[in-house]
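Let me begin by presenting the structure, written as structure tokens, before commenting on it.
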Amino acid sequence: RLNEGRAKDQKASDLNVSILSELCRKSPRLLLQQDHCSDCFLLIRGREANFVDVLSPNDVYPPELWDQAAQFFESPEGAALEMPGGRHACAKVLMALDLPFLEGYSLGQVCHIT
């Protein structure tokens, strides 16, 4: 999922969706699509698109995850965390903590949770 504004915030200012789009048009295997939020995503033709939609409002996670997350964030360790801006950056920090309630979840799923 690409967003030019978010990329600039992350110092990836060389991202240019129009150039990427042109490259994808030249490739028979790549398909660049845009969603309703102006984010772009790249698909490989012939492969199932089985990525996590981090913007989905559907909560597919067990209540225990939310209970354990609440306990963690209410603990001294959780309350002392200074989280970076952005869903992706927060998810990476949380995954680096090896929190038991996030065990087995992918980065995309943790982005959706955040």
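The shown structure was predicted, so the numbers you read here are calculated from the model rather than taken from an experiment.
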Contact list for residues 19-29, test salt bridge (Lys or Arg N to Asp or Glu O under 4.0 Å), sequence neighbours left out: Glu22-Arg25
message: Are Ile113 and Val52 connected into the same hydrophobic cluster when the rule is that any two of I, L, V, M, F, W, Y join if their side-chain heavy atoms are below 4.5 Å apart?
response: no
query: In terms of the angle between their ring planes, are Tyr61 and Trp66 parallel, tilted or perpendicular, with boundaries placed at 30° and 60°?
result: perpendicular
query: Residues in side chain to side chain contact (heavy atoms under 4.5 Å, CB included) with Glu48, at least two apart?
result: Asn50
Those residues that, when tested against Pro57, pass side chain to side chain contact (heavy atoms under 4.5 Å, CB included) (two or more places apart): none
message: Nearest 0.5 Å, please: how far is OG in Ser27 from CG in Leu32?
response: 11.5 Å
Locate the shortest heavy-atom distance separating [X] from [Y]; write the atom from each residue and the value.
X	Y	answer
Ala91	Leu107	CB-CD1, 3.8 Å
Leu31	Arg45	CD1-NH2, 3.5 Å
Val54	Gly108	CG1-O, 3.6 Å
Arg87	His112	CD-N, 4.5 Å

statement: Residues at least two apart in sequence or cross-chain that pass ring pair (Phe, Tyr, Trp, His ring centres under 6.0 Å) with Phe73, listed by chain then number, are none
- request: Report the residues that fulfil side-chain hydrogen bond (donor to acceptor under 3.5 Å, both in side chains) with Ser106, sequence neighbours left out, ordered by chain and then residue number.
  value: Gln109
- request: With sequence neighbours left out, write down each residue that passes side-chain hydrogen bond (donor to acceptor under 3.5 Å, both in side chains) with Asp67, or none if nothing qualifies.
  value: none
message: side-chain contact (heavy atoms from CB on, under 4.5 Å) for Ile44 and Leu30? Distances and angles first, verdict last.
response: CA-CA 5 Å; Ile44 299 174; Leu30 301 177; 4.2 Å; yes
Side-chain donor-acceptor distances from residues 94-105 under 3.5 Å, at least two apart:
none

